[in-house]
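Just so it is clear: chains get the letters A, B, ... in the order the sequence lines come, proteins before strands, and each one is counted from 1.
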Amino acid sequence: MPYRLTFAAALLTLAATAAAEPLHVTIDRLIEAKAKSGGVPIAEVCDDAMFVRRAYLDFVGMIPTDDEARAFIDDKSPDKRVKLIDALLARPEYARRMTELFHVMLMERRGDHDGWLKYLRTSFEQNKPWDKMAAEMLSPNAEDEAARDAAFFITKRLEKYGQNPTDYPGLTRDVGRLFAGRDLQCAECHNHLFIDDYKQRDFQGLFIAFRNLSLRRDVKFPAVSEGLIQTKAEFASVFNKRPHKTGLVVPGGEEVDVPMYEKGQEWLVAPDRKKKITGVPKFSPLRELAARLATQENDLFAQNIVNRLWFVMMGRGIVHPLDMFHSENPPSHPQVLDALAKAFVAHKYDIKWLLRELAMTKTYQRSSKLPRATTPTKPDRPGPEAASSQNVPNQTFTVAIERRLSAEQLLWSVLRATGEYDRYHKNDLRESLADRRKRFLAAFANIEREPEREFAPSLRAALFVMNDEKMLEFLEPRKDNLVGQLAKMDDDGKVVDTLFLSIYSRRPNDAERQDVTAYLSTHGKTDRAEAIGQVAWAMLASTEFCVNH
Amino acid sequence: MPYRPTKLCTPIDHAVSRRRILGLGAGAAAGAVGLGGLGGLTQPAVADKLKESDKQVLFVWLDGGMSQLESWDPKPNTRFGGPYRSIKTSLPGVHFSELMPRSAKLAHRLCLVRSMCTQDNSHSAGVPRIQRGDPKNRGVIYPYFGSAVAQLMGPGKSKLPPYVWIKPGSGGFKHQDAGFLGPKYGSLAFGDGKPPDNLLRHESVTTEEDDARNALRQRFNQRYGQNRRPAANEANSYVYDMARTLMKRQDLFDASTFSKNDVQRYGEHDLGRHMLIGRKMLEAGVRFVKVNSYGWDTHGDHFNGTASLIGKFDQAFSAIIEDLYATGLHKRVLVIAMSEFGRTPRVNGHYGRDHWPEAWSLAMAGAGVRHGHVVGQTNDEGTWVTSDAYDIGHMFHTWFTALGIDTRFAEYDNNGQPLPIAHDDMHPVKEVLS
């Protein structure tokens with residue numbers, strides 16, 4: 001039976017390839033297969049200029065300098081994209097970028113804290129596994145000097161704001177959302193009204209871990225102490241008032257019973273007010289939670305973080321919205337989610353490894369320009385037309401999604417583009433840099449507690465770019481900055497090229513070259529610097545600069 | 001620690017809302033117009049029509065609680081009536097307090113409701129509760145009326161910010177008003193009538209240069225937008241257009257451009273100045289203008305305090321009503337003047353009146369409402385409503401209807417959660433509508 005044998009051999013080979021298939025290949029295979037079966041057009045892989053800008057923004061949090069962009073675009077080596085990814089992941093700014101990303105993702109602009117930021121930074125410098133970081137945040141260990149500031153995730157949320165009482169339910173909700181992708185808010189007082197998977201027990205069972213927490217005042221660093229829990233939590237739906245009891249419920253895990261200890265045996269360290277000793281109960285719901293959430297047994301935990309990192313790189317979650325993991329909101333690509341989560345766990349929750357794999361995909365490297373449709377859309381206008389946006393919904397991941405730039409990415413990129421980055425990183429301008437950061441946050445960041453996800457241009461931001469004096473100051477000619485350098489050049493062609501490489505990280509096309517040259521020619525020699533500044537401003541204010549496309 | 005539910009999801013009336021959300025009231029759900037919280041429109045034709053509407057709103061908010069007895073519903077010579085007399089108005093049989101001589105002459109232009117009866121007698125809860133229309137609790141924070149109108153009707157042809165708030169004190173972007181609609185539907189506040197940060201064109205940039213650099217920006221955007229999904233580019237261009245439109249209208253809040261006669265007619269006090277700015281904004285086409293006056297919470301020395309406050313209100317309010325009619329703007333602009341509640345008929349030990357949500361009045365004029373009409377009444381001492389009582393939910397229905405928004409069908413879409421735009425057990429007050 002030679003035929004059968006061949007077939008079996010082929011199957012074996014297939015299985016072997018699948019096992020050895022790198023994650024980025026699997027992702028592309030699955031995304032493309034689904035698109036092809038649905039007749040969805042797929043965009044080209046983007047050009048080098050689009051790639052270099054995208055990769056810099058994602059991995060070091062700012063656009064490349066004109067030299068960096070030029071060098072990459074002109075590099076002829078076939079593996080230059082992989083090389084760039086690796087080079088960027090190795091740069092010190094990678095940890096800064098990740099710190100900013102996770103700080104905004106986890107704290108949602110509630111405020112800064114030096115120790116917390118340092119904790120994040122060190123963790124990303126060491127490429128600490130995500131399960132370890134999550135455990136350090138959810139069950140902070142005050143004895144571990146290197147990691148104790150991770151408690152800020154919880155302690156900041158225990159602070160009162162305004163006249164509101166401590167928002168324990170809010171903390172419960174955030175842990176469900178950010179670590180397990182489940183927004184249980186509407187299941188606090190009853191089973192969720194239109195999400196069958198979200199039960200009141202899920203909320204109340206998780207709430208146990210947080211409702212008894214208090215802020216420690218005896219230490220200078222962020223720290224919490226847990227109260228004693230000896231019975232299950234009682235709750236009742238507001239609809240039928242029927243009483244229920246629950247132990248600790250870990251999202252994506254089982255209910256944990258509350259152990260009974262004999263009187264006097266409940267404490268590991270008994271509290272003593274006179275001696276100012278904070279009690280440590282034997283049963284620590286935070287420890288239980290961390291152990292059962294940040295573990296291989298918990299699928300939801302891995303799925304949540306890979307979905308978030310996918311969102312960061314691709315502009316939309318495979319499960320979307322990100323906080324809505326439930327059976328009626330299925331993932332757009334369940335196999336991709338599964339492959340990501342499994343591989344991420346197999347690689348010991350290595351964030352850098354995952355980001356590298358994602359960046360290697362064609363899916364990440366697709367152009368944000370819509371592909372040309374093969375059939376003309378209007379009979380009277382034959383020839384290729386761009387596919388309409390309806391044809392390519394975001395959830396197909398076949399055309400790159402334009403992504404929001406954070407206030408931090410914008411600040412670093414504006415400094416880069418205008419040639420002011422190095423000057424502002426000198427010691428004597430430290431305070432000025434802090435001021436500029438504050439201004440950028442006021443203009444571009446969301447308000448407290450508002451997740452930053454979609455590109456959301458605002459009147460506030462537009463007014464800032466148009467009129468803020470410090471924003472405009474970047475464009476005043478100075479010896480070393482972009483406008484100052486260009487004002488000294490006589491060759492318009494070179495001026496335009498440098499402008500485009502510095503701000504858009506690409507070379508201009510002919511039409512653009514003409515536009516800008518025409519603009520400059522309407523200005524005399526004396527106000528040449530001003531004219532260059534205005535062109536640079538128009539570019540900074542344009543959509544191409546202020547999104548990650 | 002006792003378990004306390006969050007403020008967000010207090011369990012009031014969930015049973016009913018559950019039924020509605022689950023779509024058991026199929027009739028209403030089937031005809032619903034999705035007015036998407038994220039701008040997603042399931043019936044774009046209807047929503048587009050609303051966005052083309054030229055209707056506007058002037059919302060005069062008298063923070064702290066205006067006394068109905070010293071204004072729209074006086075009860076002179078009664079136990080709680082206070083020292084002021086009542087005067088005849090241009091509407092036969094209708095009297096106002098003598099503190100409102102100018103408004104009295106315009107009563108034939110106004111529509112009053114004297115039978116307001118609302119739920120909250122505290123300021124901190126009452127102000128947002130009233131301005132959010134006090135809908136049933138569904139675990140979400142509802143938008144203020146201004147944010148609601150901004151979202152439902154957009155900026156209109158003017159392309160100016162759709163919800164402008166002129167107030168004493170601080171200004172800026174007040175996102176809190178927008179509730180679940182999201183920060184972009186918050187108000188743009190002109191603190192003390194002054195514009196927000198960065199609205200003034202930087203002195204180093206001339207008008208011509210500003211035009212030139214923006215023309216270049218638009219050209220770059222146009223190129224960028226070719227062959228791309230339109231959403232990001234359109235949204236970005238939109239906010240720049242709006243910012244530029246607003247920057248070009250600095251006359252709107254530059255008091256030096258106001259005529260002396262107008263300044264005197266409206267009154268040389270905050271409320272007068274702010275009302276005049278409000279008129280300019282309305283003339284410029286701003287969709288929703290809120291003019292705010294503070295300090296109406298007269299628990300002590302009420303009769304002196306209120307005489308001063310109502311005097312200023314009477315002057316500014318009558319001036320703008322006259323002007324809206326003189327220019328024909330009244331056909332477009334719905335005017336509402338109100339507080340979060342009225343004041344107690346009983347006078348307290350400090351010659352003050354306290355909070356009284358049980359029986360109070362508000363005034364309307366202009367687009368969509370009957371002119372020269374009084375709805376409802378209170379008893380002889382002004383303590384209780386003796387006709388049909390109306391809650392703020394009824395008013396929200398009425399105002400939306402006056403603006404051409406059918407509250408039976410229009411719904412918000414809060415990420416898939418359908419939400420009524422006004423209290424679902426209430427209805428428009430037909431008597432108010434023209």
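- Residues A:Arg460 and B:Asp197 are not paired through a salt bridge, judged by the lack of any N-O separation under 4.0 Å between the basic side chain and the carboxylate.
- When all heavy atoms of B:Ala232 and A:Phe455 are compared, the pair lying nearest together is O-CE2, 3.4 Å.
- Most heavy-atom pairs under 4.5 Å with chain B, from the set A:Met466, A:Gln534, A:Glu469: that is A:Met466.
- The two residues B:Arg213 and A:Tyr519 come nearest to each other via the heavy atoms N-OH, 3.8 Å.
- Heavy atoms closer than 4.5 Å to chain B are found nowhere in A:Ala518, neither backbone nor side chain.
- Closest of all the heavy-atom pairs between A:Ala541 and B:Asn236 is O-ND2, 3.6 Å.
- Taking CZ of B:Arg229 as the reference point, atom CG of A:Asn394 lies at 4.5 Å (rounded to 0.5 Å).
- With chain B as the partner, the residue from A:Val399, A:Val547, A:Leu472, A:Asp515 showing the most heavy-atom pairs under 4.5 Å is A:Asp515.
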Which is it for A:Leu463 and B:Met247 under the side chain to side chain contact (heavy atoms under 4.5 Å, CB included) test, yes or no, and what are the steps along the way? CA-CA 9 Å; A:Leu463 288 171; B:Met247 280 168 64; 4.2 Å; yes

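- If you measure heavy-atom distances from B:Tyr240 to chain A, the contacts under 4.5 Å come from both the backbone and the side chain.
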Determine whether A:Glu530 and B:Glu209 satisfy the following criterion, side chain to side chain contact (heavy atoms under 4.5 Å, CB included), listing intermediate values before the conclusion. CA-CA 10 Å; A:Glu530 243 167 64; B:Glu209 285 168 350; 3.0 Å; yes

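- Interface remark: B:Ala231 contributes no atoms to any contact with chain A (heavy atom separation under 4.5 Å).
- Between the OH atom in B:Tyr224 and the CZ atom in A:Phe545 there is a gap of 12.5 Å [rounded to 0.5 Å].
- Contact between A:Glu402 and B:Arg228 at its shortest, heavy atoms only, is OE2-CD, 3.9 Å.
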Please assess B:Arg217 against A:Met539 for the test side chain to side chain contact (heavy atoms under 4.5 Å, CB included), listing each intermediate value before the final yes or no. CA-CA 6 Å; B:Arg217 173 182 58 79; A:Met539 294 174 77; over 6 Å; no

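- Within the 4.5 angstrom heavy-atom criterion, atoms from both the backbone and the side chain of B:Arg201 approach chain A.
- When heavy atoms are compared at a cutoff of 4.5 Å, B:Leu200 approaches chain A solely by way of its backbone atoms N, CA, C and O.
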